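Written below as structure tokens is the structure these notes are about.
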Amino acid sequence: MSQINRIDGGLIDQEKVLNFTFNGQILKGYEGDTLASALLANNKHLIGRSFKYHRPRGIVTAGSEEPNAIMEIGNGAYKDPNTRATVTQLYNGLEANSQNHRGPLSFDFMAITDFLSPLLGAGFYYKTFMWPKSFWEKFYEPAIRKSAGLGTLSTEADPDTYDKGFRHCDILIIGSGATGLSAALTAAESGAKIILADEDFLMGGRLNSETNKIDGIAGSEWAKKTVAKLGAMENVTLMSDTTIFGAYDHGIYGAIENRASEARKDNDKPRQVNWRIYTKRAILCAGATERLIAFGNNDRPGIMLASAVRTYLNRFAVATGQRISVYTNNDDGWKTAKDLNAKGFRVAAVIDSRSISPVMRVPGAEICMGTDVVDTKGRRALKSIQLSNGKSIDTDTLAVSGGWNPNLHFTCHHRGVPKWNEEIASFVPDSSPPVGMSVAGRAKGTMVLADAIIEGHNQGSSVAADLGYKTSESKPASTPVVSYNISANWGIPSGKNRAWVDFQNDVTVKDIKLANQEGFKSVEHVKRYTTLGMATDQGKTANVLAIGIMAENMGQTMEDTGTTIFRPPYVPVAIGAFAGRRRGMEFYPTRYTPSHNWSTEQNAIFVEVGMWYRSQWFPLPGETHWRQSVDREVRQTRSSVGICDVTTLGKIDIKGEDVSEFLNKVYANAFAKVPVGKTRYGLMLREDGIVMDDGTTARMSENHFVMTTTTANAVNVYRHLQFCHQCLWPDLDVHMISVTEQYAQYAVAGPNSRKLLEKIVDPDCDISNEAFPYMAAGEITVCGGTAARLFRISFSGELAYEIAIPTRYGDSLMRVLMEAGEEFNVIPYGTEALGVMRIEKGHAAGPELNGQTSAYDLGMGGMISGKKDFIGYTLGLREELQRDDRLQMVGFKPVNPSDLLLACSHLLGLRDKATTENDQGWISSCIYSPILGHYLGIGFIKGGHNRKGENVRAVDLVRGNDVEVEICSPHFVDPEGERLRV
Amino acid sequence: MIINHPLLGPRDSEEFVYLGSTDLIDRPTNWEKSAAAEDFYQYQYIRENIAGDIQELWYHEQGDQSWLIVTRNTLTHEIKNVEFAQDFSRAKGRGK
């Protein structure tokens with residue numbers, strides 16, 4: 001029969017039927033249901049198995065504190081494990097599956113662990129799986145992993161979309177219950193910009209679950225009207241189904257907005273939005289969470305929080321049972337009996353642990369004052385309860401209230417420590433919540449609704465006044481005063497019956513006792529030893545109860561026992577929500593060079609270099625292996641001419657009267673006297689003497705320089721230069737700006753490079769060897785008047801130029817160069833050929849400038865100027881950085897020219913075993929040289945500069961390569977540099 | 001965190017890059033003297049670990065590219081003052 005527990009009324013739309021499935025069974029619910037309320041309407045009490053003992057478990061709460069009803073929602077890649085059914089809004093087609101059992105839910109094979117429980121107490125894993133050591137990885141861990149854990153992952157990429165959003169307000173009000181709505185009203189009436197956020201999809205907080213009257217109408221009706229009123233105000237933003245999860249510095253709050261039901265209809269819509277809310281002030285009106293009482297077998301399906309029973313009854317029109325009993329230690333629990341009576345349900349019994357007169361008349365119910373529940377029966381559903389007075393009562397739902405804990409979590413996010421309040425038998429916020437946050441209502445420990453409303457009303461007004469807004473004249477809403485009296489009850493000794501404290505982690509009273517006996521006295525230690533208060537519910541129903549039990553165990557007060565504090569997030573937040581749209585190709589921006597479209601037309605293979613896409617090689621028809629393309633590109637460049645897009649190198653334009661002096665301070669080699677029209681290689685050190693970057697810098701005019709950096713360090717170098725200028729030498733007349741993206745730059749390399757360029761450079765620009773020699777730099781025009789810059793520099797070792805042109809002409813220039821070069825059989829070359837030629841030439845690059853190498857290590861010690869102060873000079877002189885036995889950069893070539901040499905090979909003596917102790921260095925860069933016809937590498941070996949001619953072994957154990965190599969100069973091709981100067 | 005930029009107003013700390021203590025401004029100038037090695041060692045490596053107000057360098061990389069001196073309390077993250085490093089450096093006597 002469908003929805004047998006459903007009654008009339010409620011804040012749901014009983015006209016709108018929604019279909020969903022639970023463990024494959026098709027069920028019906030209504031618009032406005034949560035998954036939990038719909039399951040209960042269908043009399044589904046057994047909804048999962050516990051974490052450790054695989055005990056049958058049911059829904060306990062009606063909110064985000066739920067420890068048991070965590071489920072897998074959706075299937076395939078959409079599967080979302082550990083979703084709390086109590087806060088999942090029901091939608092048509094929702095698929096839910098229970099988790100944490102093998103075999104059917106009703107007969108879990110792992111339930112055997114429940115009978116083994118005497119062996120599985122606190123610290124069981126720590127004590128048991130220690131020996132033998134080797135068993136951990138092979139046996140224990142896989143076995144434990146298989147049997148433990150909450151839910152399973154789809155192991156597929158998450159196909160849902162997530163988004164991020166940013167909002168600003170004067171006052172953020174967290175929680176839209178009676179207190180939050182009252183605060184929002186006065187704050188909004190003052191004119192302040194308000195955001196009101198609530199984790200529930202229906203605003204109103206407990207008012208939707210209770211029967212209190214406010215201003216003479218039903219509380220839920222008052223909430224609805226107030227929300228509508230606020231929603232109509234321009235200065236108010238309502239964010240329902242949005243959970244604040246963290247209070248961060250300077251009034252920034254993180255919030256997660258759930259849009260699952262919307263996303264189901266349209267896959268492009270985000271499933272969740274991660275909001276960052278910037279606030280001047282925040283008022284925490286998060287209410288309170290009810291807690292349980294520890295008694296024997298208190299975890300059976302059907303044992304719920306008393307407040308949850310009311311929520312299901314009043315808001316969702318679901319009676320959780322036919323014979324409901326109440327067990328309480330406070331007045332509030334009695335409301336459940338009253339509400340059940342009002343709906344026509346007979347209450348089986350009301351058990352109150354306090355020896356006082358009954359709080360109210362409950363017709364037909366057995367009233368047991370000064371009595372406790374000591375045990376329960378019914379494995380898959382509650383059947384009866386046993387009382388301390390010896391009676392047994394048949395009941396199918398037990399509504400338990402152990403009192404209310406203020407939801408003070410955010411007051412702890414900046415290390416505020418809650419303090420104990422005896423009157424309400426719970427912890428309340430301390431006096432130092434995060435800056436800008438105030439607390440009102442039950443979150444503050446103000447348990448009487450009438451008082452909470454006044455508190456919210458006044459705070460909304462006073463906080464707005466603090467910010468300079470006028471004070472609202474309106475009066476607070478009125479409601480009858482209903483007192484809240486409580487006498488702490490952490491449960492009585494339950495004998496051999498286990499009494500649960502933390503349902504989600506299967507922590508019992510006995511576990512806490514054992515932990516205390518074994519010397520874990522601090523709450524923080526007990527938490528970690530027993531796993532109490534961990535996982536998705538973070539002990540929202542368990543923590544205070546556990547502290548009460550600890551206090552009793554150790555015979556000390558609650559104040560002395562203290563409490564753990566809370567940190568973000570308040571509820572679980574999907575990692576996808578933190579990533580937002582920054583996934584896959586959107587992880588970071590993609591940068592394309594100006595020749596990208598042209599390269600794509602040439603079928604270039606691209607490689608990601610930082611954020612840039614660079615052409616790696618350009619395969620021609622018939623070339624089936626990358627080496628064929630790369631070898632051809634190298635040969636063609638070295639024999640005629642090739643073009644490479646080097647736009648990605650960092651370019652910094654520097655102007656001012658003191659630039660040469662400035663460069664002299666930031667480069668290790670001399671820069672004070674670079675002539676106009678010349679380029680100079682520059683070596684930049686960190687202050688500790690390690691090489692930071694290198695590049696070329698050209699003096700375009702007296703007070704104008706253009707610096708290049710490596711692609712990888714473009715940002716860092718620019719930042720460093722700004723630091724040097726603004727912080728170290730603020731009065732130097734230096735102005736700089738990054739122009740990496742403003743100029744396209746191409747290397748034109750090879751013996752025919754000048755001939756090619758002469759075809760496009762305008763006739764009045766003389767680029768002959770005499771007029772424009774090696775290392776010349778100048779402003780030129782090309783193609784009939786387009787301004788460009790030309791540098792005669794070479795990374796390949798050939799006669800070469802780099803030509804820079806405003807980015808908008810970059811694509812065009814590439815096409816012009818290729819057309820002009822046709823008669824020379826010009827080819828484009830990619831980063832692989834670029835790498836081959838730089839290694840043939842012995843230029844250090846990224847693998848060599850690895851943050852560990854000094855100028856001396858790289859063989860550039862001779863460049864270091866001793867006549868000036870520069871960044872890295874003094875600390876670079878340290879003996880350790882100049883020792884002869886340091887790892888020094890040299891070249892390596894295989895003794896047998898046909899041998900394969902691999903980068904990352906380690907260098908060993910000829911007869912040494914391949915051990916760490918014998919390791920002498922490594923090959924950092926390695927290529928096959930089509931010019932020389934064999935592999936060659938550059939790398940680092942101890943004392944390398946003085947070992948040229950010696951043979952060692954290059955060993956790669958991973959790829960099984962072990963070859964004899966000769967230590968040599970890293971300059972393999974044209975070591976004298978003659979080709980550069982022709 | 002929010003850094004109140006002297007010109008651009010309150011900006012999210014995401015726009016900034018952090019460097020470290022303003023001690024880095026006090027780069028020794030005695031490179032030719034025998035004490036240079038010790039002074040540069042102190043400058044480069046030795047820092048106080050203060051529980052309380054510290055002055056530190058932040059760079060507004062996603063903004064106007066100014067280096068800023070931020071006075072921040074390491075216990076509370078309260079930011080008490082923000083000023084331009086260039087002014088701060090000049091006030092400390094640095095010039096060319």
Side-chain angles (χ1 to χ4, degrees), chain A residues 164 166 168 248-252 276 278-280 413-416 432 434-436 652 656-658 661-662 665 686-690 715-716 718-738 865-879, chain B residues 1-4 10-14 16-20 22-45 57-62 64-69 72-73 75-79 84-96:
Chain A
K164 289 188 194 176
F166 300 84
H168 299 257
Y248 300 94
D249 287 317
H250 306 155
I252 300 172
R276 193 181 299 177
Y278 296 80
T279 73
K280 291 186 180 132
H413 282 190
H414 294 181
R415 307 223 35 101
S432 57
V435 174
I652 303 169
E657 285 182 10
D658 299 323
E661 195 184 334
F662 178 68
K665 290 176 189 290
R686 308 191 308 216
E687 190 68 271
D688 63 3
I690 298 292
V715 172
N716 294 338
Y718 182 70
R719 187 187 299 157
H720 171 69
L721 295 182
Q722 290 287 9
F723 168 79
C724 290
H725 176 227
Q726 295 177 34
C727 299
L728 300 183
W729 300 292
D731 287 340
L732 285 180
D733 182 33
V734 173
H735 306 267
M736 56 196 137
I737 192 161
S738 164
S865 169
K867 296 185 187 129
K868 59 164 185 170
D869 182 23
F870 58 86
I871 301 283
Y873 171 69
T874 303
L875 293 176
L877 290 175
R878 284 177 294 176
E879 195 186 338
Chain B
M1 291 204 342
I2 291 171
I3 294 173
N4 200 5
R11 314 295 307 176
D12 194 291
S13 60
E14 272 191 356
F16 294 81
V17 173
Y18 178 76
L19 182 64
T22 47
D23 291 354
L24 287 165
I25 287 177
D26 304 324
R27 187 174 186 273
T29 52
N30 61 345
W31 64 282
E32 289 171 299
K33 305 276 168 55
S34 59
E38 174 61 23
D39 289 354
F40 270 91
Y41 159 75
Q42 292 283 339
Y43 164 73
Q44 176 71 11
Y45 296 110
L57 283 156
W58 290 75
Y59 176 54
H60 199 200
E61 187 150 86
Q62 307 296 324
D64 69 342
Q65 296 164 4
S66 57
W67 279 93
L68 302 174
I69 310 296
R72 180 177 65 95
N73 187 297
L75 296 173
T76 63
H77 284 188
E78 185 191 357
I79 290 178
F84 286 117
Q86 203 155 359
D87 298 340
F88 182 88
S89 172
R90 282 189 183 119
K92 285 193 132 199
R94 297 199 73 92
K96 289 195 171 186

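Heavy atoms only: backbone and side chains are in, while hydrogens, waters and symmetry mates are out. Predicted model, so just to flag it, every value in this text is computed and none were measured.
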Point to revise | Region of A:Ile871 that comes under 4.5 Å of a non-hydrogen atom in chain B | key: both

Exercise for review: Using non-hydrogen atoms and a 4.5 Å limit, figure out which bit of B:Leu19 sits close to chain A: side chain, backbone, both or neither.
Suggested key: side chain

**Study point:** Per-residue contact mode, B:Tyr45 against chain A (heavy atom under 4.5 angstrom)
**Key:** side chain

Practice item. Quick one: sort the B:Tyr59 and B:Trp67 rings into parallel, tilted or perpendicular, breaks at 30° and 60°. Key: parallel

Practice item. Applying side-chain hydrogen bond (donor to acceptor under 3.5 Å, both in side chains), run through B:Glu61 and A:Tyr718 and close with a yes or a no. Key: CA-CA 10 Å; B:Glu61 187 150 86; A:Tyr718 182 70; over 6 Å; no

Point to revise | Heavy-atom closest pair, residues B:Arg94 and B:Thr29 | key: NH2-CG2, 4.5 Å

Exercise for review: Could you look at A:Tyr278 and say if it's the side chain, the backbone, both or neither that has a heavy atom under 4.5 Å from chain B?
Suggested key: side chain

Study note, to complete from the structure: Ranked by heavy-atom pairs below 4.5 Å to chain B, first place among A:Thr874, A:Leu732, A:Val715, A:Val435 goes to A:Thr874

Point to revise | Contact class of A:Arg878 relative to chain B, heavy atoms under 4.5 angstrom | key: side chain

Practice item. Tell me, for A:Tyr248 versus chain B, whether the close heavy atoms (under 4.5 Å) come from the side chain, the backbone, both or neither. Key: neither

Check your understanding: Would you call the rings of B:Phe16 and B:Trp58 parallel, tilted or perpendicular, where under 30° means parallel and over 60° means perpendicular?
Key -> perpendicular

Point to revise | Largest heavy-atom contact set with chain B, pairs under 4.5 Å, which of A:Ile252, A:Leu875, A:Val734 | key: A:Leu875

Practice item. Decide if atom CD1 of A:Ile737 counts as having more than 12 heavy atoms of other residues, nucleotides or ligands within a radius under 6.0 Å. Key: no

Revision key, fill the gap. When the 4.5 angstrom heavy-atom criterion is applied to B:Ile79 and chain A, the contacting part is both

Practice item. Measure the acute angle between the ring planes of B:Phe40 and B:Tyr43, then classify it against the limits of 30° and 60° as parallel, tilted or perpendicular. Key: perpendicular

**Study point:** When B:Glu14, B:Lys92, B:Glu78 are compared by non-hydrogen pairs under 4.5 Å with chain A, the top option
**Key:** B:Glu14

Study note, to complete from the structure: Most contact-rich option vs chain A, by heavy-atom pairs under 4.5 angstrom, among B:His77, B:Gln44, B:Arg27, is B:Arg27

**Study point:** Contacting region of B:Ser13 [heavy-atom separation from chain A under 4.5 Å]
**Key:** neither

Exercise for review: Let me know if A:Phe166 has heavy atoms under 4.5 Å from chain B in its side chain, its backbone, both or neither.
Suggested key: neither

Practice item. Would you name the heavy atoms of A:Met736 and A:Gln722 that are closest together and state the gap between them? Key: CG-NE2, 3.7 Å

Exercise for review: Report yes or no: does A:Glu657 contribute a side-chain atom to a donor-acceptor pair with the main-chain N or O of A:Asp733 at less than 3.5 Å?
Suggested key: no

**Study point:** A:Gln726 side chain to B:Gln65 backbone, donor-acceptor under 3.5 Å
**Key:** yes

Review point. Side chain, backbone, both or neither: which part of A:Asp658 has a non-hydrogen atom closer than 4.5 Å to chain B?
Key: side chain

